[in-house]
Structures are given as C-alpha cells and as structure tokens.
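Below is one structure; the comments refer to it alone.
We use all heavy atoms of the structure for the numbers below, so side chains are in, but hydrogens, waters and symmetry mates are not. Remember, it's a predicted structure, so these values are computed and weren't measured experimentally. Positions are given from 1, in the same order as the sequence printed here.
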Amino acid sequence: MISLRRATRLSAAMLFAAALPTTLSAQPRLTSPKEFFGHDIGADYELPNYTKLHAFFATIAKQSDRVILDTIGMTEEGRPQIMAIVSSPANLKNLARYKEISSRLALADGLDSAEAAKLAKEGKVVFWIDGGLHATEVLGAQQLIESFYQLTSRTDDETMRILNDCIILMTHANPDGMELVTNWYMQEPDKLRRNTNIPRLYEKYAGHDNNRDAYMNALAETRNMSQQLFVEWNPQIMYNHHQTGPTGTVMAAPPYRDPANYWFHPAMITGLDLVGAALNHRFVLEHKPGLTFRAGSNYSTWWNGGMRTVGYFHNQIGILTETIGNPTPIRVSLVPDRQLRSAGLPMPIAPQEWHFRQSIDYSVSANYAFLDLASRYRETFLFNRWVMGTDQIKNGSKDNWTISPKRVDAMIAQITKDRATASPEANRAGGARGGAAPNIGSAVTNDRYMAELKKPENRDPRAYVLSSAQNDFPTATKFIKALQYSGIQVHRATGSFSANGKSFPAGSWVVMTNQAFRSHVLDMFEPQDHPNDFRYPGGPPIAPYDNAGWTLAFQMGIQFERVLDGLTGPFEKVNGVTTMPMGTIAKGKAGYFVRPEVNDAATVANRLAAVKVKASRIPTAFTDGGTAWPAGSWFIPAGGAADKVVTQAATDLGVNFAAANSKPGAAQPVQPLRIALIDRYGGSMPTGWTRLLLEKFEFAFTTIYPQDVDAGNLKAKYDVIVVGGGHAG
C-alpha cells in the first residue's frame, strides 16, 4: 500500500453520543454530495469527474471515523487509484487482524476446521464494491460516490449492523477513463447535446477490454486491484457494477445462465444463487421492478479474465449487475415478452421515462441487499471460504478427475455405438432398465463406462514444471508473475530434480495444484472445453457470452510439464511477485549470440539501435565453437555501448547472452524500421493492445489515422504499417 489516511478521531463527547439512539449522529455532520458537487448524485445532465470524486472521498475521510482512504497504486496515465476502506471505527482500529483472518481463511493452508471456525467467529466479512471499470458506463462510478456517502453518514440500524459486521473496500476501477469521459460529457454547454461518445479508448491501452485482463494482469489498474483481491485482502464477496440492463428491464443480476465453468468449486454456483435471491427478494419488497436473471439475460459464469469472473477461480463470490441509466434521461423500452412475469423476471416494469437518479437508487439498494446478507451470514461466508479452499487443496493432493464436456460426449458416443451394435433383445432388456444400451444400469456396465471416463491419464495435474532450461525462460517468468499477481503460490527449484522421468535444473518454476486457488492454476494451463450449447437438439448454437478460451500458458508459448503424480524436490516458496532472474553473459571475441526464441531479443535490438549499434540475424543454421545455433539467431557485436546494453538486458530482462567467437559471414544487420500503427477516432482495442506490445518491447512507432492514410504517400514515411484486428481501418 502506498499510503493510509486515518479519519479524524472521535472526541470524548462524540464517544458519549455513540451510545445514544442510532437516530442521532455518532460523528460530525458530513459534507453531502449536493454541498460538495453542487447537485445530487444522479442529477440529470450532471457528471462529476475523477478529480472531484477523489477530492470528495478525501473530504469525507477527514470528517468521518468510518473511513480509511488508501491509494492502491498508480494508473497507466499516472493518476492515484484510490480505495476507501469503510467500516465501524472499532473495526478500523483492528484492520491488520481482520485482513490476516480473511487471508488465512482464503488460503486455508494449515488450518483445521476448529481453527477455521474460531477465525470465522472473530473475523469480519470483507466485501469489495467497485465502479467505473467501463468508463462510458457512467453509473458505476457515480453509484460509488452515493453509496460511499450513505455508508459513511447513515445511522439506521441496518447500516450500523453492516458496518459492524463488514469491511467494505470501495474501489475505483478506472480513474483515467472516468476523468476522460466525464470531462468530455460536461464540456458541452448545451445539456441536450451532451454525450459520452469520446474520440479515444477510455483506458489507455485496452478500453472496454480492461475487463478481459484479470487473468493476464497486463494493465496497471488490473495489477493494483488483483493485489487487493487475491493477495492483500482476499474479500469473500466482490461486486462489479456494469451497465446496461437488457432492453425492457432495468437490471440484470445473479444468478446467471449456463454454462458454468467446470474448474471452479460448485459452491460458486450455489453461492450466486444465494446472493441473487437476497437481491431479487429485496427489490420486490422495495417495489423496484425490472430486475431479471438467469435466462432473462445472457451473462454466464464460463469465462475467466473478467473482474468478477476471475474471482470464481479463487473461491470468491463475484457479482455482476448490468443496470440502465444515463445522466441524459432515457426511456425503458417496450418488449412485449418482458411484460409477462416469469421465474427470471418476477416483477416486470412498464415502459416509462427513466432518470439517472433512479438508477443510482437501484444501485445503492443492490449494494445494501448484498451487504445485509453478508452481515447476517458473516461467519458462514468466512467459514465457507475456508471450506472451498480446503477442498481445492485436497483435490490437488490426490488423484482427481474434473469432467469436461468432451469426455462426456465421448461417453455418450460410446453408449450410442453400443446400442447400435446390440441385439434387439438386449436393447429391449436395456430399455427396461431405463432405455439405455445393453446392461446399462447394471453396476458392471456403469463401472466400465465410468472407468473410461476416468482413465488414469486423464487425471488432473498435481503440478506444473516450467524448466529454467527452456529457450525463452524470461517469458516463462513473465507468465509466472502474472499468476503471482493473482495470488497463485509458486515455488522455485533450488537444485536439480526429476519429474515424469525427466531432469529439470535449478531455477525452474514449480506450480503445485494443492493450493486454495487451484482452479485458477488449472484454468491457466489447460485448454478450455466449452460445452456444445444448443437451443434444442439439432438447433442453432447459443453463442458464448464472452471469451470461450483464454489459456495464458498457450498464449504466451510457455513450455511446461504436466505432472500427474505427487511431486517433491528441493523447492522454496516464492513470496510476493518474483523479480526477473538474472540472465547469463558470456562475452566472446566477436560479441554475443542470443537464441531466436527469446522474445526480448527484439527489445535488446531496439535498445542497441537507440545507441547506434546494429544487431544482426543469421538466416541459416551455423556452428560456433562447437555449439550449434538455429536459423534466426541474433548476433550482437562486442563494444562499449553494446556491452552496456547487454549488461542491462541481462539484469532487467533476464536474457542469456552466449559467447560469439566469430561473426557468421551470413549475418544480416537489422535495420530499425519506420513503423506506423493505424488507429481510429473512437479508439480501437486491437490497436490499443498492439500499442502496449510495441511499447513493452521498446519499438519506436507513430500512430496514424484514416485521414493520414487517405492523404497517401505513406511509403515515403513508413516501412511497416500495422493494422489492428480489423477494427482500425
């Protein structure tokens, strides 16, 4: 954490006041949003920006004894990303203890049920509420302001109980985007012409895809939040506010439609049923119509990488709501089918004009519904986090099979084949036992099919080994760092060891699956198997809600070994996020060689070009000093400037440099290219991600726009023009 600002302390007189009925204030009167911003939150045609939000949070933190304002990191554009910790004054005095309890129960390691129950009884539910992730979905950040004020100012019984039982982490998910979008909206003097159609991405690189980054941790804001969610605080529940609700409704909420991912703990499914019931029931009783869930919306729990979905793979109940609303008034549209009550839409809403303040009120009620449930079942939520973590540790410590759709499809295909080849008499006999293939229903036949489903080679891995001898070990280490940002426990080999009959050297990474966040480990290494999802047998497929596959190890080209049996060896646990292991340097008479598989060799070449030194590529295989080198290897000449670049790259990039005894005659100097990256007004996410990659590997480039293309003569200015993913033309 960068800083902590404690709220002002209660005076003796105010401590006495705390004992008075809760209708009296237990602290000085706080500055209201209307006093601070000049209007109520949710007023038509009004949007405060992040600068004002930050200032308001700081003001309340000075006035209230219920707040600690923390800065969890800096954004990609250099703004402080704040998180307000809201709870009772007594809880805030013991934050370190409650954080320890939350993390110990989440990690579960070394705790038996009696110890876990004792900690659950002592602890407080840690509840995360964020806003503003998608900056053009302006409701999320604005409800954060209003909810923050109500939780810090209200003295009703429910609020006081919530503050006593819960520690609420109120986090802004995208400060840069809020500043950009709100300033754009408010710059128009004519209120009727205000809009959020900004001319660039609302996150520096990813735009809307900042909600696809939680498994990669490529963005500064994601890393800041992952640190709090999976390392520092480990909240039991997190609530990710989004916009907008399905047409003809106001809000889409849990529980969600199928498919559910097969890796995470089944209590994620039932936990979402629980929180969804609390929200849906409260909205009905508060006469807030238009809430829909399950088949009423298209949101599922399949994919990893979203702010709320990554939590499922950490035994954390992740809540998503999608709510309508805009500071410019809108209408609830008429959808005839949504005027009929159903199990997924208990209380339909009539078409009507809709004001932003109504959306704020819905959002605040949703926050209170979930917080009320968390308060009432405080010990249960804390203890259940331990149960899920313990189950994951046990499953990673023994032979375990996770059943995927393809394996079930294979079983069905075999049953169908057996039916087709069986005699009519046998099929009739089988039908008497349920219409299955011959003898299906008998223990012997069922055991045979289940044995096929659970072949020994289909066991879940107990560990993954990333050899330090692989050609691009720095990229393997970047992958490990992405896991560590998400709270995954990693070990480093301090000596050589064997696994699967293979030898691995010291320095190799070992990721065990006998850990509480096992689901995330498996999901990052194993290919996804999305189920065939059809509207009816033989009918059209139902498209996945979001990404169907995302295996980071494959995306990064990591070489790893699946280990299906228990693994021991000279391993040490790595605390925190690892530093890049130092690369080796062997200087030859002519200079250095670098293998072509090393991604950061391009970074080295760019650094050399910056100091007027040219690296070379060798287009054919060759031998130097008895060592065979593949085609595409890099050659770097020895010399003062080059030597400095090599030393720095070995230190911060982990690149290995081998001795070059002579410069191969076929070596071709690498000429720095004049690179243009095409973008568009409004922003392109593929272009943004490409820009991030170019910057990470230190390529010099120029961003151009369609009118630059229309002007022509690009060949005179650029050698390469990069077009991002069909979105930038």
Exercise. Could you tell me whether Arg518 and Asp460 make a salt bridge, using a distance below 4.0 angstrom between a side-chain N and a carboxylate O?
Key: yes
Exercise. Any chance you could lay out the salt bridge (Lys or Arg N to Asp or Glu O under 4.0 Å) test for Arg407 and Glu452, step after step, and finish with the verdict?
Key: CA-CA 9 Å; Arg407 294 180 188 174; Glu452 186 70 16; over 6 Å; no
Practice problem: Decide whether Asn304 and Thr309 meet the rule of one side-chain donor and one side-chain acceptor closer than 3.5 Å. | Solution: no
Quiz prompt | Any residue meeting ring-ring contact (aromatic ring centres under 6.0 Å, His included) with Trp634, in chain and number order, not counting sequence neighbours | solution = none
Quiz item: What's the verdict on side-chain hydrogen bond (donor to acceptor under 3.5 Å, both in side chains) for Gln228 and Asn224, showing C-alpha distance, side-chain angles and the deciding distance?
Solution: CA-CA 7 Å; Gln228 303 304 316; Asn224 295 340; over 6 Å; no
Quiz prompt | Test side-chain hydrogen bond (donor to acceptor under 3.5 Å, both in side chains) applied to Thr623 and Trp629, step by step | solution = CA-CA 6 Å; Thr623 301; Trp629 289 87; over 6 Å; no
Quiz item: Given the rule in the side chain to side chain contact (heavy atoms under 4.5 Å, CB included) test, do Leu552 and Met556 qualify, once you have shown the distances and angles that lead to the verdict?
Solution: CA-CA 6 Å; Leu552 190 58; Met556 296 183 71; 3.8 Å; yes
Self-check item: Set of side chain to side chain donor-acceptor pair (under 3.5 Å) partners for Tyr256, sequence neighbours left out
Solution: none
Quiz item: Which distance, rounded to the nearest 0.5 Å, do you find between the NZ of Lys454 and the CH2 of Trp401?
Solution: 7.0 Å
Practice problem: Walk me through it: do Asn599 and Thr475 pass the test side-chain hydrogen bond (donor to acceptor under 3.5 Å, both in side chains)? | Solution: CA-CA 7 Å; Asn599 286 333; Thr475 296; 3.2 Å; yes
Quiz item: Side-chain donor-acceptor pair under 3.5 Å between Gln559 and Ser467, yes or no?
Solution: no
Exercise. Rounded to the nearest 0.5 Å, what's the gap from CD on Gln392 to OG1 on Thr390? Could you check?
Key: 10.0 Å
Quiz item: So, does Asn217 use its side chain to make a donor-acceptor pair with the main chain of Ala482 at under 3.5 Å?
Solution: yes
Self-check item: Residue from Pro541, Ser300, Pro259 passing side-chain contact (heavy atoms from CB on, under 4.5 Å) with Asp533
Solution: Pro259
Exercise. Take Arg595 and Asn471, measure what side-chain hydrogen bond (donor to acceptor under 3.5 Å, both in side chains) needs, and give me the verdict at the end.
Key: CA-CA 7 Å; Arg595 292 192 63 88; Asn471 290 327; 3.0 Å; yes
Quiz prompt | Ser508 side-chain N/O to Phe504 backbone N/O, donor-acceptor pair under 3.5 Å | solution = no
Quiz prompt | For Phe525, ring-ring contact (aromatic ring centres under 6.0 Å, His included) partners two or more places apart | solution = Tyr464, Phe479, Phe560
Self-check item: Expected output: side-chain Asp213 to main-chain Ala218 donor-acceptor under 3.5 Å
Solution: yes
Quiz item: To the nearest 0.5 Å, how far apart are CG in Asn547 and NE2 in His530?
Solution: 10.5 Å
Practice problem: Verify, without hydrogens or angle tests, whether Asn211 (side chain) and Met307 (backbone) share a donor-acceptor contact under 3.5 angstrom. | Solution: yes
Quiz item: Could you state the interatomic distance from CD1 (Ile393) to CE (Met388), rounded to the nearest 0.5 Å?
Solution: 12.5 Å
Quiz item: Do we see a donor-acceptor contact under 3.5 Å between the side chains of Ser102 and Trp233?
Solution: no
Quiz item: Does any pair with a residue in residues 616-628 pass salt bridge (Lys or Arg N to Asp or Glu O under 4.0 Å), and if so which ones, sequence neighbours excluded?
Solution: none
Exercise. Give a yes or no on whether a salt bridge exists between Arg607 and Asp652, defined as a side-chain N under 4.0 angstrom from a carboxylate O.
Key: yes
Quiz item: Hey, does the side chain of Trp386 reach the backbone of Leu111 with a donor-acceptor pair shorter than 3.5 angstrom?
Solution: yes
Quiz prompt | Under 3.5 Å donor-acceptor, His314 side chain and Ser486 backbone | solution = yes
Quiz item: Roughly how far, to the nearest 0.5 Å, is the OG1 atom of Thr222 from the CD atom of Glu76?
Solution: 8.5 Å
Practice problem: Kindly state each residue pair satisfying side chain to side chain donor-acceptor pair (under 3.5 Å) with at least one member in residues 573-584, sequence neighbours excluded. | Solution: Arg492-Thr578, Thr584-Asn656
Quiz prompt | Value rounded to 0.5 Å, distance of CD1 in Ile585 from CG in Asp643 | solution = 8.5 Å
Quiz item: Short question: side chain of Asn261, backbone of Trp263 - any donor-acceptor pair under 3.5 Å?
Solution: yes
Self-check item: Partners meeting ring-ring contact (aromatic ring centres under 6.0 Å, His included) with Phe381 (sequence neighbours left out)
Solution: none
Quiz item: Within the side chain of Ser103, is there an N or O that forms a donor-acceptor pair under 3.5 Å with the backbone of Glu100?
Solution: no
Quiz item: Okay, side chain of Thr620, backbone of Ala631: is any donor-acceptor separation there less than 3.5 Å?
Solution: no
Quiz item: Among Arg462, Lys394, Lys455, whose salt bridge (charged side-chain N to carboxylate O under 4.0 Å, His left out) with Asp399 holds?
Solution: Arg462
Quiz item: Out of Trp302, Phe517, Phe313, which one pairs with Phe264 under the ring pair (Phe, Tyr, Trp, His ring centres under 6.0 Å) rule?
Solution: Phe313
Exercise. Applying ring pair (Phe, Tyr, Trp, His ring centres under 6.0 Å), run through Phe622 and Phe635 and close with a yes or a no.
Key: CA-CA 12 Å; Phe622 65 97; Phe635 170 75; 9.1 Å; no
Quiz item: Hey, mind stepping through Val646 and Leu608 against side chain to side chain contact (heavy atoms under 4.5 Å, CB included) and telling me if it holds?
Solution: CA-CA 9 Å; Val646 166; Leu608 289 167; 5.6 Å; no
Quiz prompt | Exam field: side chain Gln528 to backbone Asp523, donor-acceptor pair closer than 3.5 Å | solution = yes
Quiz item: Is it true that Arg104 and Glu115 make a salt bridge, defined as a side-chain N closer than 4.0 Å to a carboxylate O?
Solution: no
